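Structure record follows, encoded as structure tokens.
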2 protein chains.
Amino acid sequence: MLSKKTKYAFHALTYLGKNRENKTVLIQEIASTYGISHKFLENILLELKKAGMLGSKKGKGGGYYLIKQPKDIPLSKVIRLLDGPIALLPCVSLNYYEPCEECRCEVSCGLNRVMAQVRDEMLNVLENKSLADILEKE
Amino acid sequence: MLSKKTKYAFHALTYLGKNRENKTVLIQEIASTYGISHKFLENILLELKKAGMLGSKKGKGGGYYLIKQPKDIPLSKVIRLLDGPIALLPCVSLNYYEPCEECRCEVSCGLNRVMAQVRDEMLNVLENKSLADILEKE
DNA sequence: CCTATTCCCTACAAATCTTATAGGATTTAC
DNA sequence: GTAAATCCTATAAGATTTGTAGGGAATAGG
């Protein structure tokens, strides 16, 4: 399941995506729209900024704004940033690979292969759908 | 990511699946094979039994054994039993549906639809692959 | 019937991860 | 200079996962 962090990130991105014209939006405005804690959301927006999806401006009249085209923000990127691996096992994660502790041999591990298949199916959707697809339906 | 509980369940099922002939196997034997705590595994095997996948026998010479054909144990069943929902959002879960808290309207929720698609792709693998597919490759 | 063995059941403790909060530092507009 | 806003780091609170404890109930073998 997606964490609240990730869901909040999608909400924020959606909100900023609807608000075109690169006008800045206050953290507080997004937080109160969705009933999210200001400070919690602050951390999330900061991560999105560091990842190059958002820009910000400090001081009076400041706030956040989308720095990319919605179509250039695949859903997988947001999930990986805030939730970590998409795969169901660390040993088949493309971005967060780790060997499984209990698993003696990946080559002969039956789970490994099936889970790699699951991962591919998930990515097939999550890499190809973007913020633009979400915006289009809201 | 799959929990340890689920991974341990797959290990145990695999072990029992290799050991054909309906001979009983001790919890302790499986636990020490994979380095799992005896008591922790005990709880897991009990759940698998209650879900109708395993049979057991008490007393001397007792233990656990597979009660179904490996092909009749889809991976999705094991995951749902021990980990809960497979979907990434509660509002698109087939077996554990709950409305999303922050989400005002599912019909217009852009995430909802994409995540339903992800769920379908995952299930397409997890419902159709079974313990038999894992055994075959080990 | 008695005993050792093994699963059954429930409760709880420990560890980890997620969620939220706090408080000040820094930048900017006016 | 001051107020407004983001930036940054640390830590607290809460939830979930993982693991432990201890006795109950059934069974095999004598």
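These numbers were taken from a predicted model, which means no experiment stands behind them. Just so it is clear: chains get the letters A, B, ... in the order the sequence lines come, proteins before strands, and each one is counted from 1.
Picking from D:dC7, D:dA21, C:dC7 the nucleotide with the shortest atom distance to the side chain of A:L46 gives D:dC7. For B:Y8, the side-chain atoms get nearest to D:dG19 when compared with the rest of C:dT21, D:dG19, D:dT20. Of all nucleotides listed (C:dT21, D:dT6, D:dG19), D:dG19 comes nearest to the side chain of B:S37. Minimum atom distance to the side chain of B:S3 is reached by D:dT18, of the listed D:dC7, D:dT18, D:dT6. Between D:dC7, D:dA25, D:dT18, one nucleotide has an atom nearer to the side chain of B:K58 than all others, and that is D:dA25. Comparing D:dT18, D:dA25, D:dT20 by their nearest atom to the side chain of B:N43 picks out D:dT20. Comparing D:dC8, C:dA20, C:dC8 by their closest approach to the side chain of B:S56 singles out C:dC8. Looking at the side chain of B:K57, the nearest of the listed nucleotides D:dT18, D:dA28, D:dC7 is D:dA28.
We find that NZ of B:K7 is positioned 11 Å from P of D:dG19, with the value rounded to whole Å. Nucleotide D:dT6 holds its P atom 15 Å from the NZ atom of A:K50, rounded to whole Å. Note: CG (A:L2) to P (D:dT16) measures 16 Å, nearest angstrom. Regarding B:Y64, its OH atom lies at a distance of 19 Å from the P atom of C:dT5, rounded to whole Å. Atom NZ of B:K39 is separated from atom C1' of C:dT6 by 11 Å (rounded to the nearest Å). At whole-Å resolution of the value, NZ in A:K4 and P in C:dT21 are 11 Å apart. Computed from coordinates, the B:Y65 OH to C:dC7 P distance equals 12 Å when rounded to whole Å. Following rounding to the nearest Å, A:H38 (NE2) and C:dG24 (C1') show an atom-to-atom distance of 14 Å.
Annotation: of the two residues near DNA chain D, B:K60 and B:D83, the 5′-most nearest-nucleotide partner is B:D83. When the nearest nucleotides of DNA chain C are assigned to A:G61 and A:F40 by heavy-atom distance, the more 5′-ward of the two goes with A:F40.
Taking a cutoff of 4.0 Å between a charged side-chain nitrogen and a carboxylate oxygen, A:E127 and A:R80 qualify as a salt bridge. With respect to the salt-bridge test (charged N to carboxylate O, under 4.0 angstrom), the residues A:K50 and A:E47 do not qualify.
Judged purely by distance below 3.5 Å, without hydrogens or angles, the side chains of B:K49 and B:S56 pair a donor atom with an acceptor atom.
Ring orientation note: the planes of B:H11 and B:Y34 are close to parallel, at an angle under 30° on the 30°/60° scale.
At least one donor-acceptor pair closer than 3.5 Å links the side chain of A:T24 to the backbone N or O of A:G61. Between the side chain of A:N124 and the backbone N or O of A:D120, no donor-acceptor pair lies under 3.5 Å.
For B:K5 against D:dG19, a side-chain-to-base donor-acceptor contact under 3.5 Å is absent. No hydrogens or angles were tested; on distance alone, a donor-acceptor pair under 3.5 Å links the side chain of A:E42 to the base of D:dC8.
Nucleic acid contact class of B:L45 (heavy atoms, under 4.0 Å, all strands): none.
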